[in-house]
Protein chains: 2
Amino acid sequence: MKIAVVAPSCTLKAEAAERVTVLAGARSGCELVIHPQCFLSDGHFAGSDAERLGALREVMADESVDAIWFARGGYGSNRIAEAALADVSVPAMRKTYLGYSDAGFLLAGLHKAGCEVAHGPMPQDVLRDGGEAAVARSLDWLLTRDPEALEPGLSGPAQAYNLTVLSNLLGTAVEPDLAGVELLVEDVSEHLYRIDRTMFHVTASANVRQIRRLRLGNVSDVPENDPVWGSDEETIVRDWCARAGIEYGGRAAIGHDAVNRVVPFGRTSS
Amino acid sequence: MKIAVVAPSCTLKAEAAERVTVLAGARSGCELVIHPQCFLSDGHFAGSDAERLGALREVMADESVDAIWFARGGYGSNRIAEAALADVSVPAMRKTYLGYSDAGFLLAGLHKAGCEVAHGPMPQDVLRDGGEAAVARSLDWLLTRDPEALEPGLSGPAQAYNLTVLSNLLGTAVEPDLAGVELLVEDVSEHLYRIDRTMFHVTASANVRQIRRLRLGNVSDVPENDPVWGSDEETIVRDWCARAGIEYGGRAAIGHDAVNRVVPFGRTSS
């Protein structure tokens, strides 16, 4: 299996690329190709919009590539998502796409276009504490569809997003159909008042109100609220689910950390 | 004119209440009543949802009240907006509503319900440098519809919002019709990557794409971007307007500062 790594958002650290190359090299039948675009830098981004889009479209069109693994999150994939999805070719349709966080804009649009996508750890995650196990989980799933890599509570068609990314893709060209879906959300570095406001927005969506249930992944690195918020992220999420008539299904093993598990979109998993 | 102050978001500072009471007391024909709910505190908010909603509904129903002035922003008006607007009474329809920032959720919903609303300085703004002039502008407009208080570039039906608030009200019960509107946006304390992402979201909206043009108020207290963003807020806004086929109409004199001007919704101004 040939896995191409591109960076639609921010620049991949060289150390992460080196360590993931070693991990992939130890797997039989795994050819990992890190596109040089991953190391470009243009302000906030891993190269200009044209450079990031060009690299993504190049690997999407490459018949020799089986899977596209997004290098890392940050911000920026939304700036090229609509153009990348304007005409999805047959070779692009045959691939698997893996990532999370800011890559959620692309996962949403690719899933909407009919491609196989999954939420899961990315190469830059190898730099986290326990990051090698996280990255190994993604390789396990890409190479063998190992059920051990999956989020353990999945029981029907699922989609997983960073909550803030989901809020920002509603009403855009990449918004997927969420009817009947088990929706998993996680977030990082957001104040609790922002989590509350984003849940207000997300749960007001007519599309989101058609989900089967919602589960909450990790909400990490929460900045201090001023004044003190007085409850926690799960209370917030339960509250907005109840207001919107959405079933709350408990916690999920996804997030910006090493326990982040793979969630294939639209699948009934083991 | 009797003006009632309530706080649908965060707690009003006593010093602000005192200073605005003095300013209003010096105006002839101005009775300012600061509802005691403004000084409640419950976690992040000026009282519980029930307390904030109760005070708002009380003054909305009060036939002796001519105008409702929101005390300050922060966060929380969205949590009570739909309930406050569930059955707008005849006395509530006869009033004017003034505020901005987080109060935008209410301004949007009240405008949608057919009430007279305006974006403009709030009592807590008196604590800013130059804040007395800002608050005087709101009093001038409430008491005499003084055209000097208005944002000077208005040339047709307008609406004004905090950009992040606008993003979070799209798709909710308080989203107003924006067709043909001159849309003014401002923001505070948001990283430039967030401004970019929010503009992506807002300009993707089919409703927003029907506006007449967009103008950009102040974007203040922007935290440092890491890495350096490489452009500025106006470049960001121009870019997304161009992508979405929205006319960009230049800068506007609104924002989280003392130059913030009054923008009556849906009016053709002088």
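Below, each value reflects all heavy atoms present in this structure, side chains not excepted, and no hydrogens, waters or symmetry copies. Everything numeric here is computed off the predicted structure, so don't read it as measured data. Numbers restart at 1 for each chain; the letters A, B, ... are given by sequence-line order, proteins then strands.
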_Gap between atom OG of B:Ser167 and atom CG of A:Leu170 - 0.5 Å precision_ =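 Here the rounded value is 9.5 Å.
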*Rounded to the nearest 0.5 Å, what's the gap from OH on A:Tyr193 to CZ on B:Arg79? Could you check?*
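Going from OH on A:Tyr193 over to CZ on B:Arg79, the span is 14.5 Å.
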*Return yes when atom CD of A:Glu82 has more than 12 non-hydrogen atoms of other residues, nucleotides or ligands closer than 6.0 Å, and no otherwise.*
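No, the 6.0 Å shell around CD holds no more than 12 heavy atoms from other groups.
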_Surrounding NZ of B:Lys13 (heavy atoms of other residues, nucleotides or ligands, distance under 6.0 Å), is the total greater than 12?_
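Incorrect, the count does not exceed 12.
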*So, do B:Phe45 and A:Trp229 sit near enough that their side-chain heavy atoms are less than 4.5 Å apart?*
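With C-beta onward as the side chain, the pair touches.
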*Under a 4.5 Å cut-off applied to non-hydrogen side-chain atoms, are B:Arg197 and A:Phe105 in contact?*
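Yes - at least one pair of side-chain heavy atoms lies under 4.5 Å apart.
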_Taking side chain as everything from C-beta outward and backbone as N, CA, C, O, which of these in B:Thr164 sits under 4.5 Å from a heavy atom of chain A? Side chain, backbone, both or neither._
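Contact with chain A is through the side chain of B:Thr164 alone.
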*Only counting residues at least two apart or in another chain, list the ones meeting ring pair (Phe, Tyr, Trp, His ring centres under 6.0 Å) with B:Trp69.*
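Partners of B:Trp69 under the ring pair (Phe, Tyr, Trp, His ring centres under 6.0 Å) test: none.
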*Using the benzene-type ring in the case of Trp, are the ring centres of B:His191 and A:His44 under 6.0 Å apart?*
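Aromatic pair excluded; centres sit 6.0 Å or further apart.
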*Check whether any side-chain N or O of B:Tyr75 sits under 3.5 Å from a backbone N or O of A:Arg194 as a donor-acceptor pair, and report yes or no.*
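Judged by distance alone, no pair lies under 3.5 Å.
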Does any backbone or side-chain atom of [X] lie under 4.5 Å from a heavy atom of chain B? Answer side chain, backbone, both or neither.
| X | value |
| --- | --- |
| A:Asp239 | side chain |
| A:Thr11 | neither |
| A:Asn168 | both |

*What are the two closest heavy atoms between A:Leu169 and B:His201, and how far apart are they?*
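Taking every non-hydrogen atom into account, N-CD2, 4.3 Å.
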*Among A:Asp42, A:Leu192, A:Asn207, A:Asp196, which has the most heavy-atom pairs under 4.5 Å with chain B?*
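Greatest number of close heavy-atom pairs with chain B: A:Asp196.
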*Go through A:Gly171, A:Pro227, A:Gly230 and name the one with the most non-hydrogen pairs under 4.5 angstrom from chain B.*
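Ranked by contacts with chain B, first place is A:Pro227.
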*Of all of B:Ala204, B:Ser41, B:Ala173, which one pairs up most often with chain A through heavy atoms under 4.5 Å apart?*
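Heavy-atom pair counts peak at B:Ala204.
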*Under a 4.5 Å heavy-atom cutoff, which of B:Val228, B:Asn78, B:Thr172 has the most pairs with chain A?*
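Greatest number of close heavy-atom pairs with chain A: B:Asn78.
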